[in-house]
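A short write-up of the structure that comes next.
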Amino acid sequence: MEGTMMGFIAPVFGLGAKGNSVAGTGKRGGFGLSVNMTVAANTSSVASESEKEEWASLNAMYSLTSEQKYKAMTLPAAENPFSAKYIAFNESDTSEYSLDKVVYRAKNGGLLDVQHDMDALAQHSPAEWKELFDRRSGRTVWPFGSGVWSKKEWVLPGIPNEDVVSMFEGNSNLFWADRFGKEIGMTDLWVKQCGNSHTGSFKDLGMTVLVSQVNHIIKKQGGIEAVGCASTGDTSAALAAYCAAAGIPSIVFLPADKISLAQLVQPIANGSIVVSLDTDFDGCMKLIQEVVEEYPIYLANSMNSLRLEGQKTVSIEIAQQFDWEVPDWIVVPGGNLGNVYAFYKGFKMMKDLGLTTRMPRLVVAQAHNANPLYTAYKNGWDFQPMVAERTLASAIQIGDPVSVHRAIRALKACNGVVGEATEEELMDVGARADRTGMFNCPHTGVALAVLEKLRNDGTIGANDRTVVVSTAHGLKFTDSKIAYHERKLHQAKGNYANNVIRIPAQSDRVIDELRKRVEL
Ligand SMILES: Cc1ncc(COP(=O)(O)O)c(C=O)c1O
Ligand SMILES: N[C@@H](CCOP(=O)(O)O)C(=O)O
């Protein structure tokens with residue numbers, strides 16, 4: 001029953017013999033969320049007893065008041081002893097800090113990580129966590145309907161619900177890539193559509209957490225005047241939107257002429273302070289770090305480990321979508337390299353708390369023109385920063401990724417792989433996949449190209465369950481997609497181009513053209 005409507009609603013409302021027992025009861029006997037109420041079951045003469053029970057449970061949910069729904073989604077204070085803090089990423093450094101402190105680096109200058117009180121979380125059984133997450137996701141009770149905040153206790157347990165800044169992000173669909181999978185000899189290929197989100201990229205998952213915490217700190221103690229980031233276009237869009245929703249000033253540093261028009265307009269529209277700089281992303285990243293050291297501006301890039309707490313929920317969501325089974329492979333395009341570590345953290349946390357039993361193998365896909373991690377992978381993990389060259393996958397045009405050591409740790413821990421794709425490969429495979437119903441951004445093209453190579457060389461098996469992470473919406477990158485189809489790119493010939501037919505509005509001419517393409 002686990003994972004079905006009955007499986008998560010019945011325990012909440014304590015209905016019937018089956019409904020009264022919490023599946024896989026944990027050490028503390030469930031979350032204690034039963035709501036006392038009488039239900040009129042929808043009984044048809046042909047319904048079995050278990051069907052009647054199921055209908056009764058559903059009816060119970062529909063007739064709850066808002067207050068009852070909120071109660072059913074919230075852990076009572078006594079069952080909510082969870083906490084998290086910053087620790088140094090490098091384990092030899094013992095510094096630790098409250099999440100309310102404005103701090104991005106440990107004493108030794110290395111990055112931070114968010115550490116949860118795993119003993120407190122382990123007080124509840126895997127089945128209870130699954131049931132709680134399933135019950136909340138995609139509904140409307142604040143803030144638990146969000147894919148991120150449905151996992152609040154694992155993300156930012158201490159924040160009051162009223163301080164959360166959310167657009168009910170997450171809960172993105174898994175696209176079953178049946179046709180494209182068959183084209184490349186795979187039977188179980190899925191694309192996680194993280195671009196189907198408020199600002200059109202996976203950055204919303206982390207930004208809701210970061211801006212919520214800023215909102216909380218401002219309310220509690222002040223000291224933050226604005227939030228700032230360097231960006232190749234997606235982080236800036238997410239920051240601008242969440243700050244606008246919270247009424248907090250935002251500042252974005254963008255490399256001049258290196259992001260798409262659709263990305264540029266997002267922070268402009270949301271009222272951000274938009275600064276265009278004559279440098280690349282790495283130059284912007286250096287500058288924003290200097291500025292936040294000196295001024296009361298909070299850093300919103302994924303160097304700030306709060307971001308990764310939100311991004312890690314996508315792993316949990318993927319497992320949840322597969323009824324808590326872990327895929328064999330996750331393929332993710334990599335730039336500043338925070339996301340691959342976030343994926344690792346999510347899968348590791350689920351395994352450590354017993355919700356799942358294994359880790360997937362992670363693949364980072366890089367553009368050949370911006371491939372410092374790929375080069376390190378080929379050289380026994382000896383990392384050297386580079387000056388990234390222009391790539392149509394402009395959001396990952398990064399030569400000195402801030403989270404490179406996080407990424408290497410994640411990849412080593414799960415026997416991961418790094419691959420690369422040329423400009424032509426990433427555009428061609430993106431176009432081929434689009435013809436099977438997707439609408440890919442070039443970064444997803446990089447991931448698909450690397451996937452195909454790993455399938456061709458046998459690293460990924462024909463029946464391996466594989467999830468490609470689509471990190472942004474294709475509509476953010478229409479310039480390069482149109483240029484590809486018009487064969488105007490110098491980086492790619494347009495082998496799968498689909499030209500618009502421009503002809504006079506005369507029926508004979510129209511029919512002639514159509515006959516060349518379909519049987520009429
Ligand atoms: C669309 C898109 N895909 C992939 C990435 C890479 O993510 P990460 O920097 O976490 O490696 C980024 C940003 O860097 C991005 O904007
Ligand atoms: N692609 C990113 C680059 C910055 O990454 P971040 O995750 O460190 O903020 C962007 O869109 O700016």
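In listed order, ligands and their atoms are each counted from 1. Throughout, residue positions are numbered sequentially from 1 according to the sequence presented.
- Under a 4.0 angstrom heavy-atom cut-off, Gly233 registers as being in contact with ligand 2.
- Atom 1 (N) of ligand 2 has as its closest protein heavy atom Thr232 OG1, 2.7 Å.
- Across all non-hydrogen atoms, the minimal contact from Pro372 to Pro401 is CG-CD, 3.8 Å.
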Handout entry: Working for salt bridge (Lys or Arg N to Asp or Glu O under 4.0 Å), residues Glu420 and Lys453
Key = CA-CA 9 Å; Glu420 66 165 4; Lys453 289 181 192 185; 5.8 Å; no

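- The protein heavy-atom contact nearest to atom 5 (O) of ligand 2 is Lys203 NZ, 3.3 Å.
- Scanning the protein for heavy atoms near atom 6 (P) of ligand 2, the closest one is Ser302 OG, 3.4 Å.
- Looking at ligand 1, you'll find an N or O of Gly338 within less than 3.5 Å of one of its N or O atoms.
- Nearest residue to atom 7 (O) of ligand 2 from Met207, Met285, Arg307 is Arg307 (criterion: closest heavy atom).
- The Phe281 neighbourhood of ligand 2 comprises atoms 3 (C), 4 (C), with distances under 4.0 Å to a heavy atom of that residue.
- Residue contacts with ligand 2 leave out Gly338, since none of its heavy atoms falls under 4.0 Å from the ligand.
- In terms of heavy-atom proximity, Ile224 sits nearest to Tyr298 at CD1-CD1, 3.7 Å.
- For Phe133 and Trp154, the ring centers are positioned less than 6.0 Å apart.
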Exercise for the section: Before giving the answer on ring pair (Phe, Tyr, Trp, His ring centres under 6.0 Å), spell out for Phe168 and Trp149 the whole-Å C-alpha distance, their side-chain angles and the decisive distance to 0.1 Å. Expected result: CA-CA 8 Å; Phe168 278 19; Trp149 297 104; over 10 Å; no

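- Scanning all protein heavy atoms for the shortest distance to atom 12 (O) of ligand 2 gives Ser231 OG, 2.5 Å.
- Side-chain contact of Lys151 with Gln320: a donor-acceptor pair under 3.5 Å is present, judged by distance alone.
- You'll find the ring centres of Phe439 and Phe175 outside the 6.0 Å limit.
- The closest heavy-atom contact to atom 9 (O) of ligand 2, among the options Thr235, Ile398, Asp234, comes from Thr235.
- Close N/O approach between Ala395 and ligand 2 is found [any backbone or side-chain N/O within under 3.5 Å].
- Put simply, the residue from Phe180, Trp329, Phe322 that forms a ring pair (Phe, Tyr, Trp, His ring centres under 6.0 Å) with Trp190 is Phe322.
- For Asp234, every heavy-atom contact with ligand 1 shorter than 4.0 Å involves the side chain, none the backbone.
- Within ligand 2, the atoms closer than 4.0 Å to a non-hydrogen atom of Asn301 are 4 (C), 6 (P), 8 (O), 9 (O), numbered from 1 in the order shown.
- Nearest protein neighbour of atom 9 (O) of ligand 1, counting heavy atoms only, is Asn336 N, 2.7 Å.
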Practice task
Go through the steps for Thr199 and Asp204 under the test side-chain hydrogen bond (donor to acceptor under 3.5 Å, both in side chains), then give the verdict.
Solution key: CA-CA 7 Å; Thr199 71; Asp204 292 349; 2.5 Å; yes

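- With a 4.0 Å heavy-atom cut-off, ligand 1 is reached by no atom of Gln311.
- Taking the ring axis of Phe89 as reference, the NZ or CZ atom of Arg409 stays within 45° of it and closer than 6.0 Å to the ring centre.
- Using a 4.0 angstrom heavy-atom cutoff, Ser302 does not count as in contact with ligand 1.
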